[in-house]
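Everything below concerns the one structure shown next.
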Amino acid sequence: MKASELFFPTLREVPSEAEVVSHQLLLRAGFIRKTTAGVYTYLPLAYRVIKKIMNIVREEMDRAGGQEVLMPIIQPAELWKKSGRWDVYGEEMFRLQDRHNRDFALGPTHEEIITTLVNADAHSYRDLPLLIYQIQNKYRDEIRPRFGLMRGREFIMKDLYSFDLDDAGLDISYHKMYEAYNRIYERLHLQYRVVEADSGAIGGNESHEFMVLAENGEAEIVYCDTCDYAANVEKAVCTIDEQEAGDEAMLAIEKIHTPAQKTIQDIVDAFGIPSQRQVKTLMYLADGVLVAAVLRGDRELNEIKLKNALGCNQLFMADQESVMTGCGAGFGSLGPVGMKVKIYLDLEVSQMKNFACGANEDHYHYLNVNLGRDFVPEKIIDIRAAVVGDNCPLCPGHLQSVRGIEVGHIFKLGIKYSQALDAKYIDQNGQEKLMVMGCYGIGVSRTMAAAVEQNNDENGIIWPLPIAPFQVIVVPVNAKKEDQMNTARGLYEELIDNGIEAIIDDRDERAGVKFKDADLIGIPLRITVGPKALEQNQVEVKKRWEKDIELVAVENVISVVQTILGGRD
Ligand code: ATP
Ligand code: MG
């Protein structure tokens with residue numbers, strides 16, 4: 001490819017709408033352009049990267065026994081109504097109608113389609129297991145499309161679905177995918193970590209996420225400093241240490257006037273009661289029903305845990321009016337004593353004695369409140385967000401945290417969809433049984449962004465070799481000089497003949513401009529043909545990830561390049 005003919009519209013300035021490095025660099029280096037919020041065009045350089053990621057994913061899926069198909073993007077509402085998700089999927093689903101006013105969705109995921117398909121055409125135990133996948137655009141009307149390709153509304157996903165005879169079969173399929181995913185991220189040369197995950201709206205029980213480590217990752221991962229435990233903070237289990245429960249005697253409950261105290265900090269300031277000796281009461285509407293979540297004063301709620309514990313579809317923070325009507329007091333004076341709605345109490349609070357909280361009466365608080373004597377919760381559950389320093393749920397170690405980008409997610413679905421969509425087979429004894437399913441996603445376009453997020457410097461992108469859009473760029477310092485151009489062209493042809501993806505910067509630009517562009521777009525190797533070295537029949541070879549330049553005799557360039565390309569980890 002000649003740089004003079006390549007469509008890579010680079011930008012000098014950092015686009016103002018781009019907050020994270022990957023978004024900035026992909027725009028600046030001419031890889032992507034926005035069409036509308038969360039919807040992008042992949043320009044030639046980006047699409048080369050995308051195709052390489054897809055190929056690695058495809059090879060590993062095939063190797064694990066997957067079979068590639070292409071399912072429709074347009075999905076009829078009936079299938080989603082059958083699975084019960086037409087209503088629960090909510091506003092994230094792009095919906096449309098045809099000319100007959102029939103409802104459709106643009107596929108956010110494909111459990112409904114694939115399960116219906118397999119059910120129609122696989123009937124016997126002999127037809128299973130099946131591992132079926134596709135690589136395709138997905139559509140999700142994300143509430144906050146942001147960070148460029150990281151959270152798009154149209155994005156490329158690989159989704160595989162497994163169908164097995166029983167749980168033991170599912171374990172095998174899940175394990176195959178777990179291994180395949182590890183191979184994929186190793187082959188992509190990305191630093192990643194596998195963590196335990198919440199299974200979210202898709203449902204199911206066991207689930208792991210594959211996280212590319214990056215400072216600005218949206219996800220927080222906690223991991224144990226002693227054992228192998230690692231989890232998305234959304235999922236991380238918080239335990240209590242039985243021995244930490246004090247044997248403090250219960251004191252008499254006391255009501256105090258707090259005319260100006262609304263927050264936990266206000267109570268700390270006015271009465272010197274530390275936040276660890278207070279509880280906070282957060283009000284939520286769970287499928288429209290008001291509930292109270294009660295936590296230690298210095299803790300944050302993990303909404304995902306609360307949602308899972310409630311088993312509800314929609315969970316929103318309650319508004320002032322619902323709270324006033326339901327509790328008889330406003331935010332800032334709420335507490336578990338005399339609470340009129342169901343209380344979900346964080347596990348940790350069950351160990352607290354003589355704590356302070358709102359009195360469900362404006363301008364009043366209680367002191368010396370105790371579980372059991374003063375209030376009875378609906379449930380005592382783990383609903384707080386894990387934090388650094390927490391006890392590891394598996395060993396005596398403690399939790400640390402890093403940030404990551406979720407690029408892959410695997411779930412054991414069990415019979416959730418086969419039951420709803422009636423996907424059965426006839427077993428060896430002639431009996432009907434439900435198929436046991438798993439689903440396994442990889443965000444292909446998000447993986448490209450994650451690769452940039454992890455591999456860049458002040459000059460631009462540093463593509464990992466296996467997914468670089470081109471492997472080598474040949475730069476004649478002065479394209480008008482015939483000797484330089486001849487040598488450059490000769491090397492370029494030779495690289496191509498040797499199966500190396502090369503680009504030649506034949507543009508009539510200053511050398512500085514060409515070097516800047518080569519760095520910005522992140523080509524791993526640069527071969528510079530300049531006047532001085534050429535006198536000795538030499539050229540410069542520079543690795544994008546190192547500062548040093550190596551002088552190499554023209555006739556040795558191919559073998560040097562081959563060694564570097566073959567040898568870098
Ligand atoms: P998230 O928690 O980030 O919203 P998810 O749990 O909704 O992700 P899955 O339904 O498991 O995601 O989708 C599989 C993969 O698709 C994810 O691991 C991620 O890499 C990718 N993905 C999901 N949503 C988006 C999006 N809006 N833009 C780009 N990639 C996405
Ligand atoms: Mg999502």
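Computed from heavy atoms alone, side chains included, the values below leave out hydrogens, waters and symmetry copies. We count ligands from 1, going down the list as the structure has it; atoms in each ligand are counted the same way.
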### Message
Check this for me - ligand 1, G441, N or O atoms closer than 3.5 angstrom, yes or no?
### Response
no
### Task
Would you verify whether the NZ or CZ of R95 falls within 45 degrees of the ring axis of W80 while also being under 6.0 Å from that six-membered ring's centre?
no
### Query
So, E17 and R146, do they make that salt bridge, N to O below 4.0 Å?
no
### Message
My understanding is that only residues two or more places apart in sequence, or in another chain, count here; which of them pass side-chain hydrogen bond (donor to acceptor under 3.5 Å, both in side chains) with E209?
### Response
N232
### Query
Is the closest heavy-atom distance from L149 to ligand 1 below 4.0 Å?
yes
### Query
Under 3.5 Å, is there a donor-acceptor pair between the S173 and D164 side chains?
yes
### Task
Please work out whether the ring planes of Y178 and H175 are parallel, tilted or perpendicular, with thresholds of 30° and 60°.
parallel
### G408 near ligand 1 by a heavy-atom separation under 4.0 Å
yes
### Query
In terms of atom number and element, which parts of ligand 1 are under 4.0 angstrom from non-hydrogen atoms of G152?
26 (C), 27 (N), 28 (N), 29 (C)
### Message
F155 versus ligand 1: do any nitrogen or oxygen atoms come within less than 3.5 Å of each other?
### Response
no
#### Entry: Heavy atom of V407, distance to ligand 1 below 4.0 Å
yes
### Task
Have a look at E406, R151, E218, R446 and point out the one with the heavy atom closest to atom 4 (O) of ligand 1.
R151
Please tabulate, for the side chains in residues 32-47, all donor-acceptor contacts under 3.5 angstrom to protein atoms that are two or more places apart in sequence or on a different chain.
from	atom 1	to	atom 2	distance (Å)
R33	NH1	L27	O	2.9
R33	NH2	P9	O	2.6
Y40	OH	H23	NE2	3.2

### Task
Please identify which atoms of ligand 1 are closer than 4.0 Å to at least one heavy atom of E142.
24 (N), 26 (C), 27 (N)
### Message
Under 4.0 Å between a side-chain nitrogen and a carboxylate oxygen: does that hold for K138 and D159?
### Response
yes
### Query
Which atoms from ligand 1 have a heavy atom of H409 less than 4.0 Å away?
6 (O), 11 (O), 18 (O)
### Query
Is the closest heavy atom of K138 to ligand 1 under 4.0 Å?
no
